[in-house]
Amino acid sequence: MDLKAQLKTAVETAAQQLGATVDAAIQETPAGKAGDYGTPAAFLIAKTIGGNPAQIAAQLAQTVQLPQGIKKVEAAGPFLNFFVDVGAFVRGVVEKPFEMPRLSGKVVIEHTSVNPNKELHVGHLRNVVLGDSMARIFRAAGQTVEVQNYIDDTGRQAAESIFAVNHYGLKWDGVQKYDHWLGEGYVRLNADPAKPELEPGIREIMHRLEAGELRAEVEKVVHAHLVTCFRLGARYDLLAWESDVVGSGFLGHGLNILEGSPFTSWPTEGKFAGAFVMDVSAFMPNLEESNVVLRRSDGTAMYVAKDVGYQFWKFGLFEGMKFKPFATDPDGRTVWTSAPDGQPDTEGRFGHADEVINVIDSRQDHPQKIVRASLGVAEQPEKEDRSIHLSYAFVTLEGQTISGRKGVTVSADAAMDEAQKRTLAVLAEINPELSQREDANEIARRIGLGAIRFAMLKAEPTRKIDFRWEQALALNGDTAPYIQYAAVRAASILRKGQEAGYAIDGTGADWDALPDADLTLAKQVAKLPEIVAQSVHVHSPHVVAQYALDLATSFNAWFNAKDKKGKPATNVLQSEEGLREARLALVARLRQAFEETLDLIGIEIPAAM
RNA sequence: GCACUCGUAGCUCAGGUGGAUAGAGCGUUGGCCUCCGAAGCCAAAGGCCACUGGUUCAAGUCCAGUCGAGUGCACCA
């Protein structure tokens with residue numbers, strides 16, 4: 001149990017003795033206040049048993065049992081503050097592995113789901129990075145994670161691109177990236193004044209797509225998309241094709257389940273006569289129209305019915321899809337795909353989620369709420385509860401709405417190329433020697449991609465992002481390179497320490513020689529597990545990104561600390577023996593915290609900067 | 001019109017389940033490399049936390065309303 005949890009128990013036990021049952025919050029004391037951790041629990045106790053909070057805090061200070069590692073407690077007015085034993089605390093942080101949350105169960109995360117008709121643009125980056133980071137974080141918290149990527153292969157967009165290729169007689173040269181080439185046909189078609197007359201041809205392609213005749217064409221785009229996503233660091237377990245969702249009868253299965261619900265009906269009169277409708281008012285209050293049509297009066301299904309069926313399948317409400325390998329990712333793991341000629345999933349390997357997270361932009365808020373409500377309609381309240389829409393605001397480009405058709409767009413591939421190019425240029429300028437090293441490109445890759453990923457997830461998902469080169473590729477300030485630089489610097493200290501023959505594992509450490517400055521840093525390092533727990537709780541990786549910044553800031557401040565005479569106060573290698581070993585061990589732990597934290601958001605640390 | 005999201009420093013953003021003087025980055029100004037990496041650090045300036053009311057010992061945080069911005073509201077996909 002970590003120290004804060006022990007403090008919480010100690011305070012609550014002491015409160016019990018005074019006759020009050022409270023939920024004691026343990027927080028860090030504000031900078032400048034006495035103590036390390038504190039609690040305002042006396043307010044709550046005073047409320048239940050009466051009395052003066054300050055007096056109660058004083059009483060608690062007398063009776064509370066101090067856990068190991070806490071050397072002193074004192075009341076500061078109504079607050080109860082604890083003082084940690086610096087040496088014992090830092091030693092604990094250094095020697096104990098992180099106690100990550102231990103969640104169980106399976107979560108299915110759907111992300112990317114880009115129309116297979118043209119290349120990804122910078123707006124898609126946000127989706128991929130959010131989803132991939134969530135997958136990493138949930139995995140670290142102990143859950144089984146399955147990442148799915150939905151392929152809308154029967155939609156209008158895919159049809160238009162394929163039609164354009166045929167119509168204009170376009171030939172792929174085998175050199176240009178396939179998705180970029182295909183996208184050019186799409187753009188050309190949509191700029192063509194004759195497009196309205198071409199409608200019958202497009203419709204024919206749509207029918208052929210639905211029949212699965214053009215699967216091979218679509219697969220080429222999907223492979224090209226995977227190249228982009230792999231480069232970003234994303235990984236997938238399963239590609240779920242819309243044609244397979246439909247072909248596996250998920251629509252019917254889903255509607256069958258819903259038909260047994262008291263919230264669905266086949267009205268015989270009124271505006272919905274002849275249609276199959278679902279009343280979601282019990283799950284989505286305040287709607288002007290609470291009836292959702294699932295099957296039209298002509299018998300055809302509405303689009304949301306597909307989403308509902310797919311969602312039900314993710315939760316394991318029925319089976320039916322077949323699967324086969326599709327590709328191998330850069331780590332050598334197999335990416336599976338749904339396929340009509342695949343094998344049945346007899347082991348319940350895919351789907352069967354306890355929780356489903358759909359990473360989709362906020363324009364889909366309403367349909368996603370309907371999907372969620374449909375689980376309520378199906379009388380599956382716990383699944384409804386764990387049906388999460390990770391909604392994020394769309395990305396604009398230099399203030400304009402991204403539109404491939406209007407040419408207001410930057411591809412994800414170009415953004416990554418540019419990021420690496422700019423990084424390399426900066427490297428040549430500020431560290432010419434390093435830029436001559438043979439791994440200079442790899443260094444630039446890690447920094448450039450890190451910068452992009454970080455820019456996409458440092459803010460809350462509900463924030464709108466306006467993609468601007470200077471901002472997305474900035475190398476100082478609140479950026480990935482700032483954090484990476486700190487991590488590299490930490491590694492550099494460790495290397496120098498080892499070269500000098502010092503132990504970095506705490507051997508020979510004099511923990512009690514550590515001053516408060518080192519305690520501040522150790523406290524920051526110790527926070528990682530609760531950060532992971534919070535990120536899982538709020539379903540957003542921005543919490544982890546912000547923590548990574550805090551960690552780097554704390555380390556830089558500590559590294560540069562000066563004493564009253566303006567001399568370095570925390571120089572590790574020049575510290576006295578014993579203190580030096582303690583600091584080296586702390587820096588080693590910090591470096592590990594950087595690695596684990598950045599890995600949670602898919603950012604790699606370069607060998608040097 | 002209805003619903004959802006948002007409104008914190010000039011700009012871009014952090015601020016667990018309410019708790020002690022509201023924090024960063026960019027930009028501005030001024031400092032810090034005979035000392036482990038200056039892509040760094042320190043300091044200054046910059047805030048009626050949109051507004052009004054309410055709940056509470058305590059509100060940036062919760063509730064109601066107002067104003068402003070964005071998005072979505074088809075037997076479309």
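Just the heavy atoms: all of them, side chains too, but no hydrogens, waters or symmetry mates, feed the values below. Convention: sequence-line order gives letters A, B, ...; per-chain numbering from 1.
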**Request:** Identify the heavy atoms of A:Ser281 and A:Ser290 that sit nearest to each other, and give their distance.
**Result:** CB-CB, 3.6 Å
**Request:** Using heavy atoms to find the nearest nucleotide of RNA chain B for A:Arg468 and A:Pro285 separately, return the residue whose nucleotide is more 5′.
**Result:** A:Pro285
**Prompt:** Could you give the CZ-to-C1' distance, from A:Arg372 to B:C4, as a whole number of Å?
**Reply:** 14 Å
**Prompt:** Hey, does A:Gln27 reach any base, or is it just sugar-phosphate, or nothing, if we go heavy atoms under 4.0 Å?
**Reply:** base
**Prompt:** Between A:Arg463 and B:G7, is there a side-chain N or O to OP1/OP2 distance below 4.0 Å?
**Reply:** yes
**Request:** Go through B:A39, B:U12, B:G16 for me and flag the one nearest to the A:Leu427 side chain.
**Result:** B:A39
**Asked** Can you give one letter per nucleotide of nucleotides 71-77 of chain B, going 5' to 3': B for a protein heavy atom under 4.0 Å from the base, S for sugar-phosphate only, - for none?
**Response** SS--BSB
**Request:** Give a yes/no verdict on base stacking between B:C41 and A:Phe559: centres under 5.5 Å, planes within less than 30° of parallel.
**Result:** no
**Message:** At 4.0 Å (heavy atoms only), tell me whether A:Ile430 reaches a base, stays on the sugar-phosphate, or touches nothing.
**Reply:** base
**Request:** Would you indicate what A:Lys527 reaches in the nucleic acid, counting non-hydrogen atoms under 4.0 angstrom: base, sugar-phosphate, or nothing?
**Result:** nothing
**Request:** Identify, residue by residue, the members of residues 46-58 of chain A with a heavy atom below 4.0 Å from RNA chain B, and return them in order of residue number, or none.
**Result:** A:Lys47
**Request:** From the options B:C41, B:G7, B:A20, select the nucleotide whose nearest atom is closest to the side chain of A:Ala76.
**Result:** B:A20
**Request:** Under 4.0 Å between any heavy atoms, over every strand shown, what does A:Asn431 touch: base, sugar-phosphate, or nothing? Just pick one.
**Result:** base
**Fill in**
With the side chain defined as heavy atoms from C-beta on, A:Ala25 is closest, among B:A38, B:U5, B:U17, to B:U17
**Message:** With syn defined as a glycosidic angle within 90° of 0 and anti as the rest, where does B:C33 land?
**Reply:** syn
**Atom pair distance, as rounded to whole Å: NZ in A:Lys562 and P in B:C32** = 11 Å
**Message:** Under 4.0 Å, counting only non-hydrogen atoms across every strand here, what does A:Gly77 touch: a base, just sugar-phosphate, or nothing?
**Reply:** nothing
**Asked** A:Thr570 near the nucleic acid: base, sugar-phosphate alone, or nothing, with a heavy-atom cut-off under 4.0 Å?
**Response** base
**Item:** Under 4.0 Å protein heavy-atom contacts per nucleotide of nucleotides 23-31 of chain B, with B for base, S for backbone only and - for none
**Value:** -BSS-----
**Item:** Minimum-distance nucleotide to A:Lys369 side chain [options: B:C4, B:C36, B:A39]
**Value:** B:C4
**Prompt:** Looking at the side chain of A:Tyr482, which of B:G40, B:C4, B:C36 is the nearest nucleotide?
**Reply:** B:G40
**Request:** Using whole Å, report how far CD of A:Glu429 lies from C1' of B:A38.
**Result:** 14 Å
**Request:** Among B:A39, B:G40, B:U17, find the nucleotide with the atom closest to the side chain of A:Arg489.
**Result:** B:G40
**Prompt:** Considering only heavy atoms and no angle criterion, is a donor-acceptor pair shorter than 3.5 Å present between the side chain of A:Asn81 and the base of B:A20?
**Reply:** yes
**Asked** Hey, is the main chain of A:Asp361 close enough, under 3.5 Å, to the side chain of A:Asn127 for a donor-acceptor pair?
**Response** no
**Item:** B:G70 glycosidic torsion: syn (within 90° of 0) vs anti
**Value:** anti
**Item:** Sugar-phosphate, base or nothing in reach of A:Gln157, heavy atoms under 4.0 Å
**Value:** nothing
**Prompt:** Ignoring hydrogens and geometry, is there a side-chain-to-backbone donor-acceptor pair from A:Glu12 to A:Ala24 under 3.5 Å?
**Reply:** yes
**Length of the CD-P vector between A:Glu576 and B:C36, whole Å** = 19 Å
**Request:** Name the closest nucleotide to the A:Asn560 side chain, picking from B:C36, B:C4, B:G40.
**Result:** B:G40
**Prompt:** Does the side chain of A:Val218 come within less than 4.5 Å of A:Leu209's, by heavy atoms?
**Reply:** yes
**Request:** Please determine which of A:Arg463, A:Arg468, A:Lys464 meets the salt bridge (charged side-chain N to carboxylate O under 4.0 Å, His left out) test together with A:Asp466.
**Result:** A:Arg468
**Message:** With a 3.5 Å distance limit and no angle check, can you tell me whether A:Arg591 reaches the backbone of A:Ser492 through a side-chain donor-acceptor pair?
**Reply:** no
**Message:** Would you say A:Glu160 and A:Asn190 are linked by a side-chain donor-acceptor pair, where the criterion is simply a distance under 3.5 Å?
**Reply:** yes
**Prompt:** Is a side-chain N or O of A:Ser435 found less than 3.5 angstrom from the main chain of A:Pro432, in a donor-acceptor match?
**Reply:** yes
**Message:** Does A:Ala533 reach a base, just sugar-phosphate, or nothing at all? Heavy atoms under 4.0 Å.
**Reply:** nothing
**Request:** Under 4.0 Å between any heavy atoms, over every strand shown, what does A:Lys496 touch: base, sugar-phosphate, or nothing? Just pick one.
**Result:** sugar-phosphate
**Item:** Within residues 538-546 of chain A: residues closer than 4.0 Å to RNA chain B (heavy atoms)
**Value:** A:His542, A:Gln546
**Message:** So that I can compare with my own list, what are the stems of RNA chain B, taken as at least three consecutive Watson-Crick or G-U pairs with distances under 3.5 Å?
**Reply:** B:1-7 with B:67-73, B:10-13 with B:23-26, B:28-32 with B:40-44, B:50-54 with B:62-66
**Request:** Assign A:Ala31 to base, sugar-phosphate, or nothing according to its heavy-atom contacts below 4.0 angstrom with the strands shown.
**Result:** base
**Aromatic plane relationship, A:Phe467 with A:Trp469 - under 30° parallel, 30 to 60° tilted, over 60° perpendicular** = perpendicular
**Item:** Euclidean distance, atom NZ of residue A:Lys564 to atom P of B:C42 [Å, nearest integer]
**Value:** 18 Å
**Request:** Please test A:Tyr482 against A:Asn556 for side chain to side chain donor-acceptor pair (under 3.5 Å), starting from the C-alpha separation and ending with a verdict.
**Result:** CA-CA 10 Å; A:Tyr482 172 80; A:Asn556 282 331; 3.2 Å; yes
**Message:** Tell me which pairs pass ring pair (Phe, Tyr, Trp, His ring centres under 6.0 Å) where either residue lies in residues 275-301 of chain A, with sequence neighbours left out.
**Reply:** A:Phe263-A:Phe283, A:Trp266-A:Phe276
**Item:** Pi stacking test for A:Phe43 and B:A58: under 5.5 Å apart, planes under 30°
**Value:** no
**Prompt:** Taking the six-membered ring for Trp, are A:Phe594 and A:Phe555 parallel (under 30°), tilted (30 to 60°) or perpendicular (over 60°)?
**Reply:** perpendicular
**Asked** If you look at every strand shown and take non-hydrogen atoms under 4.0 Å, does A:Asn571 touch a base, only sugar-phosphate, or nothing?
**Response** base
